[in-house]
2 protein chains.
Amino acid sequence: MRRIPAFRGYIFDLDGTVYRGDRLLPGARETIEGLRAAGRRVVFLSNKPIDTRESYARKLRCLGVPTRTADVINSSFVLARYLGARSPGARLFVIGERPLLAELRRAGFRIVANGDRADWVVIAFDRTFDYAKLTGALHAVRRGARLIATNPDRTCPVEGGEIPDCAAMIGAVEGATATRVEVIVGKPSRITLDVCLAQMGLRARDCLMIGDRLETDIRMAREAGMAGALVLTGVTDRRTLRRSPIQPDYVLRDLRELLAAR
Amino acid sequence: MRRIPAFRGYIFDLDGTVYRGDRLLPGARETIEGLRAAGRRVVFLSNKPIDTRESYARKLRCLGVPTRTADVINSSFVLARYLGARSPGARLFVIGERPLLAELRRAGFRIVANGDRADWVVIAFDRTFDYAKLTGALHAVRRGARLIATNPDRTCPVEGGEIPDCAAMIGAVEGATATRVEVIVGKPSRITLDVCLAQMGLRARDCLMIGDRLETDIRMAREAGMAGALVLTGVTDRRTLRRSPIQPDYVLRDLRELLAAR
């Protein structure tokens with residue numbers, strides 16, 4: 001494996017990369033501190049739309065990693081920014097949890113109920129997904145609403161296994177409506193990367209994406225011509241890596257390997 | 001349009017063909033009586049897995065059409081027969097409503113809960129579908145269960161509109177698991193047609209399928225080399241018919257046109 005050069009900016013995935021559940025992964029704190037001390041820009045990027053940026057920043061601080069809200073980008077924030085630039089104040093029917101609804105309301109959107117006309121149906125990872133929400137999405141699409149989703153992940157790792165993620169909600173709505181989702185803003189979309197780069201004030205070629213998922217973290221980096229480092233502390237093992245068509249520039253046993261190059 | 005010849009057997013779709021909601025469609029009773037009086041075999045075929053054959057037979061009797069349970073075939077019955085021949089006594093995790101669960105238990109299957117090992121995940125039109133059922137399906141597939149579904153319909157017409165049907169539940173499970181459903185037993189599957197033909201003791205070429213849906217009723221007939229008559233009392237109008245790649249042998253304004261040929 002090649003030696004890792006220094007970059008001006010570092011985009012860290014969260015779950016499986018910086019922490020796992022409620023514990024920091026080995027070397028996460030020292031590495032992030034070391035990079036910052038060396039003048040590097042650091043942002044955290046999650047595809048999860050089930051919590052706000054504030055709560056991810058709070059969690060990182062509790063774990064000993066000083067973090068401002070502005071240093072955290074997640075898919076609900078990216079979606080609110082994306083729609084805000086294209087359909088400000090739009091009427092949204094939302095399949096999603098409370099923090100997403102709060103984020104969208106704060107961004108000036110109007111959340112509508114089943115039966116009301118909507119401009120967009122927003123589809124997110126939703127552990128309270130049910131038949132009534134599915135029916136609301138169908139009715140909104142029949143009345144002209146377009147489809148947008150937060151993230152393409154099939155499952156979300158949890159203590160002792162995994163649970164269905166946003167791809168399930170997308171499949172349900174597409175199945176009922178025969179309409180494809182137009183935009184999925186989360187990783188690996190360039191939409192999300194552009195929000196990160198704007199936050200750091202850097203270009204893709206100046207940055208390194210570090211994450212544990214080939215099909216989101218590493219794919220986003222590769223498609224943007226950005227360097228990508230896979231860390232083996234999350235969902236991907238060496239066997240999966242060998243078989244994947246998506247290959248990272250670097251493979252890290254843990255984050256400490258980034259410090260050698262700071 | 002060609003004059004309709006007489007057939008030995010008639011397979012009638014139910015909703016949109018024989019009745020709509022709780023009212024018989026024009027000519028339904030006289031036509032079915034007339035065909036039976038002329039010695040023709042008649043069966044009723046529905047893709048709906050949300051009621052039992054007994055209750056569809058009861059409904060037809062209440063509407064004035066004498067019907068035995070054996071004259072009604074629906075997708076939950078076909079699924080129970082299909083699995084019964086291949087995996088007798090199998091362990092099933094079911095996304096479906098109570099009548100389907102009852103039908104499967106009567107057929108000797110064991111219904112398992114989320115977390116238990118299952119041989120198959122059965123996916124059906126389910127107005128009580130929720131995140132817990134979706135999670136149970138994911139866990140069953142991860143432990144080796146195969147996927148089978150009752151029917152491919154996207155939506156089900158109801159008073160004043162439509163609601164999500166089985167394709168939504170299929171999309172959700174396929175989205176979470178990245179696994180395709182192996183078999184969908186309902187129309188237009190040959191599996192369903194074979195159950196109807198066995199019930200009548202006739203071959204496909206001796207029968208006419210009458211229904212209001214091109215992509216299920218008429219497609220099933222065409223693929224089996226059987227005659228198909230589209231009746232315009234349900235979801236399909238002449239404009240949709242003109243644009244469809246699936247074309248029936250006959251088009252009926254209502255069922256009475258069948259009697260001319262009895």
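Chain A is the first sequence line, chain B the second, and so forth, proteins listed ahead of strands; every chain is numbered from 1.
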* To do: Determine whether more than 12 heavy atoms belonging to other residues, nucleotides or ligands lie under 6.0 Å from atom CZ of B:R20.
  => no
* Heavy-atom count around B:R239 CZ within 6.0 Å, excluding the residue itself: above 12? -> no
* Asked: Does CG belonging to A:D237 count more than 12 external heavy atoms closer than 6.0 Å?
  -> yes
* Does a sphere of radius 6.0 Å around CZ in A:R23 hold more than 12 heavy atoms from other residues, nucleotides or ligands, not counting ones at 6.0 Å or beyond? -> no
* Student check: side-chain heavy atoms of B:R142 and A:T155 closer than 4.5 Å -> yes
* To do: On the 0 to 90° scale, with breaks at 30° and 60°, tag the B:Y131-A:F125 ring pair as parallel, tilted or perpendicular.
  => tilted
* Donor-acceptor pair, A:H139 side chain versus B:I163 backbone, under 3.5 Å? -> no
* **Among the listed options B:C166, B:P164, B:G171, the residue most often paired with chain A at heavy-atom distances under 4.5 Å** => B:P164
* **Contact listing (chain A partner; residues 176-189 of chain B; heavy atom under 4.5 Å)** => B:A176, B:A178
* To do: Give, as side chain, backbone, both or neither, the part of A:L138 having an atom under 4.5 angstrom from any heavy atom of chain B.
  => side chain
* When B:V173, B:D153, B:T135 are compared by non-hydrogen pairs under 4.5 Å with chain A, the top option -> B:T135
* Working to the nearest 0.5 Å, report the span between CG of B:D126 and CG of A:L134. => 10.5 Å
* Asked: Is the count of non-hydrogen atoms from other residues, nucleotides or ligands lying under 6.0 Å from B:R117 atom CZ greater than 12?
  -> yes
* Report the distance from atom CD of A:E174 to atom CD of B:E174, rounding to the nearest 0.5 Å. => 11.5 Å
